[in-house]
Protein chains: 2
Amino acid sequence: MMEKKDTKQIILDEALSLFAVNGYEGVTVADIANAVGIKAPSLYKHYMSKQDIFDAILTEMEERYKGQVTPMRINGMDANKDMGLFINISEEQLIEMGKGLFLYFLHDEYALKFRRMLTIEQYRNQKLSTLYAKQYIGAPLSYQGMLFGFLSGAGVMKQENPQIMALHFYAPMYLMLTLCDCHPEREDEVLSTLEQHIRQFNHLYQSKGD
Amino acid sequence: MMEKKDTKQIILDEALSLFAVNGYEGVTVADIANAVGIKAPSLYKHYMSKQDIFDAILTEMEERYKGQVTPMRINGMDANKDMGLFINISEEQLIEMGKGLFLYFLHDEYALKFRRMLTIEQYRNQKLSTLYAKQYIGAPLSYQGMLFGFLSGAGVMKQENPQIMALHFYAPMYLMLTLCDCHPEREDEVLSTLEQHIRQFNHLYQSKGD
DNA sequence: GTCTATAAGAAGATAGAC
DNA sequence: GTCTATCTTCTTATAGAC
């Protein structure tokens, strides 16, 4: 039983792939059907309309991220748990962590495509723009702000505004992510820059300067 | 003569406004004509096709930016000239400059709409993705890297990697710009964060720490 | 659940009057 | 230069056979 993947799910996957490049209006139901390997009318046995497919993608993504690993979190929701990991973290470990999170965002098929789709569609839909701002800006900054607040309080890092520290840590990753989205061929170069960024960040913010 | 704005130019302006929200495929020639205040067939007296209108927008923007103020530059192409301004710049002046450049990007009608259009269309068109990467990432980082290299060499700022310094200065502005694009109501909050960012950046990187 | 056939409307573009 | 009328193709969606 369940030998092959559910057609209903395949439709979502292929539709997301197409929406993530061409946007909602740039994709026809025939395009989606063709990617799935069926004819357009067959789609309507699985979904009521093109808009219904789009909405189903949103719903699935909401489920997928609910209470789960949102951008740049380690132990999910709880920065307190992560504190134990960070309080004696080495620079090399910090770099590995940053790279790992960065590459998750860049290489996870769904994370990448969904981010691109939101990027394209955000201006037409207030719900999507709010989701984008929360998912890719608000949540990571808030979480990391908490983390750097702890590290600052514990004396591991300098007594600077933790919100701005989070901005200084995350914004370069955000910029490089949007760069790699369209230029995957620059990934090696960007990963090298990411490493230098974290090294210099750590150097600037650690309590005992060299 | 030339009492009213050229219809040909109005078409470009209105088309850009629409493309910047809905993307190329999300806009019909009837939409554009309606925004201009004429009927769709009349458009074809000015442009050969819908694609022709889109291309004309690109061409105009290329002209507009050619050898001119690209993101975050002060005296255009020449960082050497800007050096004189920066070498004894106060923190307050640095903040004013950062805010000024930020607000130019956010409030200049064309700059804003063109950036949004590129954001939407970049995944479908390699020329556009290259332009986006150059205009909003490569150029500002390159220019500021040069500037911080000078300031570092002059002893005004610490001896750190100037490319990474530029990333630390510009990436937060880039992030906040993409945030404000969809959430103009958060502009005050973001401007306050921008100020704190530049203050903390200056504090971290200036040669004589407090 | 998938297909072919087809309806109903939208979209890009042209013709020709004014 | 703008309009109405129209052409053609594309697009969403439905009907009904298999």
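Atom set for the values below is all heavy atoms of this structure, side chains included, hydrogens, waters and symmetry mates excluded. Just so it is clear, the structure is predicted and the values come from calculations on it, not from any experiment. All chains are named by letter (A, B, ...) in the order of the sequence lines, taking the proteins before the strands, and each is independently numbered beginning at 1.
Across the protein-nucleic acid pair, A:I11 atom CD1 and C:dG1 atom C1' stand 10 Å apart, rounded to whole Å. Across the protein-nucleic acid pair, B:K50 atom NZ and C:dT14 atom P stand 15 Å apart, rounded to whole Å. Atoms NE2 (A:H46) and P (D:dA13) sit 16 Å apart, rounded to a whole Å. Atom CG of A:L43 is separated from atom P of D:dT11 by 14 Å (rounded to the nearest Å). Atoms CG (A:D52) and P (D:dT12) sit 14 Å apart, rounded to a whole Å. Going from atom CG of B:N22 over to atom P of C:dA10 covers 17 Å, rounded to whole Å. Rounded to whole angstrom, the span from the CD atom of B:Q51 across to the P atom of C:dA11 amounts to 17 Å. Atom OH of B:Y44 and atom P of D:dG1 are 18 Å apart (whole Å).
For the pairing with A:Y47, the side chain to side chain contact (heavy atoms under 4.5 Å, CB included) check across A:D55, A:D52, A:I32, A:V29 returns one residue only, A:D52.
No engagement by A:V36 is indicated, since no non-hydrogen atom pair under 4.0 Å with the nucleic acid exists.
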Protein-nucleotides 3-8 of chain C N/O pairs closer than 3.5 Å?
unit_1	atom_1	unit_2	atom_2	d
C:dC3	OP2	A:K39	N	2.5
C:dC3	OP2	A:S42	OG	2.9

key: A:Q200/B:Y205 under side-chain hydrogen bond (donor to acceptor under 3.5 Å, both in side chains): CA gap, chis, key distance, verdict   = CA-CA 11 Å; A:Q200 193 150 314; B:Y205 275 113; 2.8 Å; yes

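Aromatic ring pairs are classed by plane angle as parallel below 30°, tilted from 30° to 60° and perpendicular above 60°; the pair A:Y174 and B:Y174 is tilted. Using cut-offs of 30° and 60° on the angle between ring planes, the pair B:F148 and B:F201 is tilted.
When each of D:dA13, C:dG12, C:dT2 is scored by its nearest atom to the side-chain atoms of B:V29, the top-ranked nucleotide is C:dG12.
Counting heavy atoms from C-beta outward, A:Y24 and B:E25 have side chains that stay 4.5 Å or more apart.
For B:Y136 and B:F114, the gap between ring centers reaches or exceeds 6.0 Å.
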